[in-house]
There are 2 protein chains.
Amino acid sequence: MANISDVAKKANVSVATVSRYLNESGYVGKKSRAAIECAIKELNYTPSEVARSLSTKQSDLIGLIIPDIKNPFFPELARAVEDTAFKYGYTVILCNSDENVEKEQHYLQTLSKKYVAGIILTSIIDSDKHNNEFNIPMVALDRPLDLDIPTVTTDNQKGSKLGTDYLIQSGATSILCLTGPTTLSSTKLRLDGFLQAIEGRQIETHIIESPYDFEAAQQIVFEYIQGHPDINGIFAFSDASAIGALKAAHRLGKKIPEQLQIVGFDGTQMGEVVTPSLTTVAQNIYKLGEAATEMLIQQIEGKTILNVSKCIDPQLYIRETTRKEST
Amino acid sequence: MANISDVAKKANVSVATVSRYLNESGYVGKKSRAAIECAIKELNYTPSEVARSLSTKQSDLIGLIIPDIKNPFFPELARAVEDTAFKYGYTVILCNSDENVEKEQHYLQTLSKKYVAGIILTSIIDSDKHNNEFNIPMVALDRPLDLDIPTVTTDNQKGSKLGTDYLIQSGATSILCLTGPTTLSSTKLRLDGFLQAIEGRQIETHIIESPYDFEAAQQIVFEYIQGHPDINGIFAFSDASAIGALKAAHRLGKKIPEQLQIVGFDGTQMGEVVTPSLTTVAQNIYKLGEAATEMLIQQIEGKTILNVSKCIDPQLYIRETTRKEST
DNA sequence: TTGAAAGCGATACCAT
DNA sequence: ATGGTATCGCTTTCAA
């Protein structure tokens with residue numbers, strides 16, 4: 001492959017001039033410009049990003065670290081990040097931390113060695129020294145890092161209240177709240193929202209924890225409902241667990257939504273696909289990814305470490321696992 | 001961040017020695033080794049991948065180009081690729097071509113500028129000059145590139161025959177074959193398998209095309225079944241379209257599997273989640289990704305351009321959208 | 001407007 | 001066993 005000095009030679013100018021032309025920095029005469037353009041065409045030249053990175057200690061790479069691409073929430077998020085990055089001329093490196101702290105650290109390290117321009121992190125860790133250690137622009141997505149790292153999340157509390165309110169308005173009187181892992185701050189916020197909605201009303205509540213996993217949730221709910229057949233509403237903190245609950249209810253012969261209503265959280269495509277389709281508190285996943293990416297790029301290009309965080313409103317998708325509202 | 005010459009100075013050796021130590025190439029004395037190790041610790045040094053890449057014209061980056069991460073087949077594939085790459089010390093750059101030829105070309109170009117070690121490509125394009133143009137190790141995944149590029153695919157024909165046979169054995173007599181985009185070679189192969197299974201039997205067949213998209217398939221099937229209420233079996237070339245068909249059947253009040261049986265293709269998690277759960281021809285997605293990655297790494301490290309292709313056997317997952325076999 | 005030359009941080013060849 | 005140094009391909013002063 002041709003390099004910059006081949007181009008310079010062929011165009012009868014210096015590499016410096018070619019570089020200036022490439023980066024639109026500094027003056028380049030008309031004749032030189034034409035000659036360079038011609039040479040580039042002929043040689044089919046494209047600059048080496050690697051050499052450029054070495055020189056500038058910068059790159060157009062954005063690292064995206066997520067816990068698990070197989071959880072349907074994340075592909076949609078990844079797609080949004082990728083689209084946005086592409087729009088601004090960046091390329092995404094996707095890393096699966098696998099819900100594993102060491103793997104997360106490993107990737108953080110690897111990415112920094114590659115001079116990535118910035119990192120979007122959906123971390124497992126609650127609090128740490130990400131920022132100090134690597135001093136690379138960062139944005140926390142979905143799961144806040146309680147440092148000075150800007151964060152983009154859904155308004156979890158509001159969403160949870162929204163969903164629970166609707167469930168109650170639709171007639172649920174004995175509700176099972178299927179939370180997420182208690183280590184996640186989003187779980188705490190969603191629980192707050194749930195409790196807020198319950199408060200002062202005559203609702204029997206059961207609160208149990210479940211991973212955001214279809215199979216596991218199914219098992220947990222299956223057993224729990226057997227012991228508590230009076231439950232007529234389930235509010236789950238993810239679509240995956242809501243769908244697990246749905247499956248469990250089917251197995252128990254419960255009629256949905258007549259005997260048991262279910263509301264999920266996330267708004268993934270899976271919720272549309274199941275039968276009956278899932279009523280859910282939808283996060284604006286695309287916007288989440290887009291906002292995070294834009295905030296990151298702003299940091300990268302503006303060299304500003306912003307300290308704003310962004311909280312995006314969720315929206316209720318009313319579908320078939322709840323009864324028509326009847327106050 | 002510290003660099004190699006900082007380490008050399010602190011350890012009182014030359015950069016060459018440090019480099020040798022780092023790469024385990026050539027001799028390094030015990031004392032030097034100890035001194036270097038110590039210096040590295042103290043300075044918290046990690047070598048710059050970028051500088052290394054510039055020097056060696058190599059990197060540990062593997063590019064993975066897929067059409068759409070939101071199609072549930074691909075996250076599972078991506079995960080397999082990533083896991084395997086990680087195991088061998090490579091990092092994956094994920095790119096969405098968005099079923100768009102230009103974007104695919106763009107990414108191919110971008111990746112080559114970054115000196116990626118190799119590329120795994122799930123291409124949209126049938127035939128082209130990928131290999132010549134970039135001369136980077138490549139493996140085609142799922143969708144063959146009809147060049148000398150090694151390919152990993154599922155045995156589509158066999159799978160299709162397997163699924164159709166089962167559908168017929170379960171009692172379907174009037175079958176709708178819901179194909180994929182006819183531009184894909186896998187579609188042709190699956191169609192072959194279908195026709196082979198049908199041959200010589202008293203089966204009424206309807207063949208129509210559908211994109212691998214839940215919504216679109218739903219609409220297509222809804223309309224078609226209305227006009228052909230005698231259809232009692234559907235063989236779809238993807239889980240996504242099978243699930244669309246399932247949904248359409250529900251809307252039409254068809255009882256599944258009593259009145260209408262459905263078999264999908266892919267074996268994604270979505271098939272488990274729906275109710276009734278989907279009988280499907282499962283591709284061994286993990287193995288597909290793993291094999292492709294291993295073949296690529298073999299090419300990269302062995303410097304051999306292998307010309308073998310790998311065809312992986314599919315497997316029938318018998319679930320609830322078909323009746324128990326009754327010859 | 002342009003060019004020479006010093007980095008950027010590693011590798012690897014050639015001496016010693 | 002170790003060190004000096006050219007080299008990878010580009011950016012970026014500084015002079016001219």
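Given the structure is predicted, the values throughout are model-derived calculations rather than measurements. Lettering of chains follows the sequences in order, A, B, ..., and the numbering in each one begins at 1. Hydrogens, waters and symmetry mates are skipped; everything else that's a heavy atom, side chains included, is used.
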Query - Audit row: Arg52(B), Asp60(B), salt bridge (charged side-chain N to carboxylate O under 4.0 Å, His left out) steps and yes/no - result: CA-CA 10 Å; Arg52(B) 183 173 263 169; Asp60(B) 62 355; over 6 Å; no

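Summarising the geometry of Gly180(A) relative to Tyr212(A), their closest heavy-atom pair is CA-CE2, 3.3 Å, with the distance given to 0.1 Å. Between Thr153(A) and Asp142(A) the shortest heavy-atom distance is CG2-O, 3.4 Å.
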Listed pairs under 3.5 Å, donor-acceptor, residues 4-16 of chain A side chains, sequence neighbours left out:
residue  : atom : partner  : partner atom : Å
Ser5(A)  : OG   : Asn3(A)  : OD1          : 3.1
Asp6(A)  : OD2  : Asn3(A)  : N            : 3.0
Ser14(A) : OG   : Ala16(A) : N            : 3.4
Ser14(A) : OG   : Thr17(A) : N            : 3.3
Ser14(A) : OG   : Thr17(A) : OG1          : 3.2

Enumerate donor-acceptor pairs with a distance under 3.5 Å from any side-chain N or O in residues 66-80 of chain A to protein atoms, sequence neighbours excluded.
residue  : atom : partner   : partner atom : Å
Asp68(A) : OD1  : Lys70(A)  : N            : 2.9
Asp68(A) : OD1  : Arg79(B)  : NH1          : 2.8
Asn71(A) : OD1  : Phe73(A)  : N            : 3.1
Glu76(A) : OE2  : Gln269(A) : N            : 3.2
Arg79(A) : NE   : Asp83(A)  : OD1          : 3.2
Arg79(A) : NH1  : Asp68(B)  : OD1          : 2.8
Arg79(A) : NH2  : Asp98(B)  : OD1          : 2.5
Arg79(A) : NH2  : Asp98(B)  : OD2          : 3.2

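Within the 4.0 angstrom heavy-atom criterion, no nucleotide atom of any strand lies near Asp6(B). Within 4.0 Å (heavy atoms only), Ser32(A) reaches sugar-phosphate atoms of the nucleic acid but no base atom.
In this structure, the salt bridge (charged side-chain N to carboxylate O under 4.0 Å, His left out) partners of Asp313(A), at least two apart in sequence or on a different chain, are Lys158(A). Partners of Glu99(B) by salt bridge (charged side-chain N to carboxylate O under 4.0 Å, His left out), not counting sequence neighbours, listed by chain and number: Arg143(B).
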Report summary line: Its contact letters, B for base, S for sugar-phosphate only and - for none at protein heavy atoms under 4.0 Å, make nucleotides 7-16 of chain C read BBBBSB----

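Chain A approaches DNA chain D within less than 4.0 angstrom (heavy atoms of the protein), and the contacting nucleotides run 5' to 3' from dG9(D) to dT12(D).
Here CD of Glu82(B) is found 6.5 Å from SG of Cys95(A). Values are rounded to the nearest 0.5 Å.
Here Ser14(A) does not reach the OP1 or OP2 of dT2(C): none of its side-chain N or O atoms lies under 4.0 Å away.
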